[in-house]
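Have a look at the structure below before the remarks.
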Amino acid sequence: MSQEPLQVGRYGEETDRTYERAGFGAPVRRGSSPALVVVDLTRGFTEDSYPSGADLTDVVEATATLVEAARAAHVPVIWTAIAYTRAEAEGHSVTWLDKAHGMRALVEGSQAVALDPRLPRAPEDQLIVKKGASAFFGTSLAATLVALGCDTVLACGATTSGCVRATVVDAVQSGFPVLVPQECAGDRAQGPHDAALFDIQAKYGDVVPLSEALAYLGKLPGSTVPGRPPG
């Protein structure tokens, strides 16, 4: 998945003028108490042997770096996973699965719904199991973030155009500014990935390089992220 910086002109000058006139693209505030929400980096999405998956090795490696930095900055890490009961996976009670048949493989207890083993999950991390795209819909995520005193969400994971974008939209609607470290989001195809990042940057959050996200974590009070400025 290409990680070239988002650039003015990607969709032409007319699009740039339209978005500028609409007032899109202003930067969001960065709070002092963020949380890292890692969306659906389960084997069913990070490995191309699964119907719903793709080879997201680069995304997994970049996210592992981000998770370790979050720990060094005392930032809570929250993982999400989609998992369906056998009845849900084989029936019609989850309407989304009528549209996205390949996701019927995401059955509770299967390896498809296990977090990618290359990721450094810790016992103190939260895990949110969900049925839909957004990590907020029908879950306790918003309440968890409030209880933890969080004022900003760093969101990453898979897929950029699906569950990551849906989570970002709901995070903003729940009152949380959002940062998306670009190298830590991945999709099955380049076009939807690029379009989703463009849309997030324009309307919902700041799409930033991983280096900028690490610098942000390094500046938090008490952070021991390598490269933290003195003082």
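It should be emphasised that the depicted structure is a prediction, and the values quoted were computed from it without experimental measurement. Residue numbers start at 1 and run along the sequence shown.
Looking at residues two or more places apart in sequence or on another chain, you find a salt bridge (charged side-chain N to carboxylate O under 4.0 Å, His left out) between R104 and D98. Residues that satisfy the salt bridge (charged side-chain N to carboxylate O under 4.0 Å, His left out) test with E13, not counting sequence neighbours, are R17.
Put simply, the side chain of E68 reaches to within 4.5 Å of the side chain of P120, judged on heavy atoms. Side-chain contact check for P209 versus Q182: every heavy-atom pair is 4.5 Å or farther apart. By the 4.5 Å heavy-atom criterion applied to side chains, F176 and V153 are counted as neighbours. K130 has its side chain out of reach of F136: every pair of non-hydrogen atoms, C-beta onward, lies at least 4.5 Å apart. A 4.5 Å side-chain heavy-atom check between V59 and F45 finds every atom pair outside the cut-off. Inter-residue side-chain proximity for D194 and Y11 is flagged as met; some heavy-atom pair is nearer than 4.5 Å. In this structure, V208 and V180 have side chains that are not in contact, with every pair of non-hydrogen atoms separated by 4.5 Å or more. Side-chain contact between T152 and V178 is absent, with no heavy-atom pair separated by less than 4.5 Å.
Note that the NZ atom of K219 and the CG atom of L217 stand 11.0 Å from one another [nearest 0.5 Å]. With rounding to the nearest 0.5 angstrom, the OG atom of S134 is 11.0 Å from the CZ atom of R165. One finds the CG atom of L141 at 8.5 Å from the OG1 atom of T80 (value rounded to the nearest 0.5 Å). One finds the CD atom of Q126 at 13.0 Å from the CG atom of L36 (value rounded to the nearest 0.5 Å). One distance of note links CE of M103 with CD1 of I82; it measures 3.5 Å at 0.5 Å rounding. Note that CG of L119 and OG1 of T46 are 7.5 Å apart. Values are rounded to the nearest 0.5 Å.
Residues D40 and A158 come closest through the heavy atom pair CB-O, 3.4 Å. Between E108 and A83, the closest heavy-atom pair is CG-CB, 3.9 Å. Counting all heavy atoms, side chain and backbone alike, G132 lies closest to W96 at C-CZ3, 3.3 Å. A pairwise comparison of heavy atoms in V225 and A69 identifies CG2-O, 3.3 Å as the closest pair. The two residues C163 and T167 make their nearest non-hydrogen contact at O-OG1, 2.7 Å. Between T160 and H193, the shortest heavy-atom contact is OG1-ND1, 2.9 Å.
A salt bridge links K131 with E88; the closest basic N to acidic carboxylate O contact falls under 4.0 Å. Using a 4.0 Å cut-off between a side-chain N of Lys or Arg and a carboxylate O of Asp or Glu, E212 and R30 qualify as a salt bridge.
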Is there a side-chain contact (heavy atoms from CB on, under 4.5 Å) between L220 and V75? Walk through the geometry before answering.
CA-CA 9 Å; L220 296 174; V75 166; 3.6 Å; yes
Kindly indicate, with the supporting measurements, whether the criterion side-chain contact (heavy atoms from CB on, under 4.5 Å) is fulfilled by L66 and L214.
CA-CA 7 Å; L66 184 63; L214 296 176; 4.2 Å; yes
Can you check salt bridge (Lys or Arg N to Asp or Glu O under 4.0 Å) on R71 and D125, steps first, answer last?
CA-CA 10 Å; R71 297 202 203 292; D125 294 346; 2.9 Å; yes
For side-chain contact (heavy atoms from CB on, under 4.5 Å), just list the numbers for T159 and R188, CA-CA rounded to whole Å, side-chain angles, deciding distance to a tenth of an Å, and then say yes or no.
CA-CA 7 Å; T159 61; R188 303 176 188 88; 3.6 Å; yes
Taking it one step at a time, do V39 and C156 satisfy side-chain contact (heavy atoms from CB on, under 4.5 Å)?
CA-CA 6 Å; V39 179; C156 64; over 6 Å; no
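The closest donor-acceptor contact from the side chain of D206 to the backbone of V28 lies under 3.5 Å. The closest donor-acceptor contact from the side chain of Y216 to the backbone of G31 lies under 3.5 Å. With hydrogens and angles ignored, the 3.5 Å screen pairs a side-chain donor or acceptor of D151 with a backbone N or O of S33.
E124 CD: more than 12 foreign heavy atoms inside a 6.0 Å radius. Under a cut-off of 6.0 angstrom, the local environment of CD in E20 is sparse, with at most 12 non-hydrogen atoms contributed by other residues, nucleotides or ligands. Heavy atoms from other residues, nucleotides or ligands lying under 6.0 Å from CZ of R86 number 12 at most.
Side-chain contact annotation: S161 with D187, donor-acceptor N/O pair under 3.5 Å present.
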Please tabulate, one pair per line, all N/O donor-acceptor pairs under 3.5 Å involving side-chain atoms of residues 48-56, not counting sequence neighbours.
residue: S52; atom: OG; partner: G44; partner atom: O; Å: 2.7
residue: D55; atom: OD1; partner: T57; partner atom: N; Å: 3.2
residue: D55; atom: OD1; partner: T57; partner atom: OG1; Å: 2.6

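Between F198 and F24, the ring center distance fails the sub-6.0 Å criterion.
Under the 4.5 Å side-chain contact rule for hydrophobic residues, V94 and V129 do not share a cluster.
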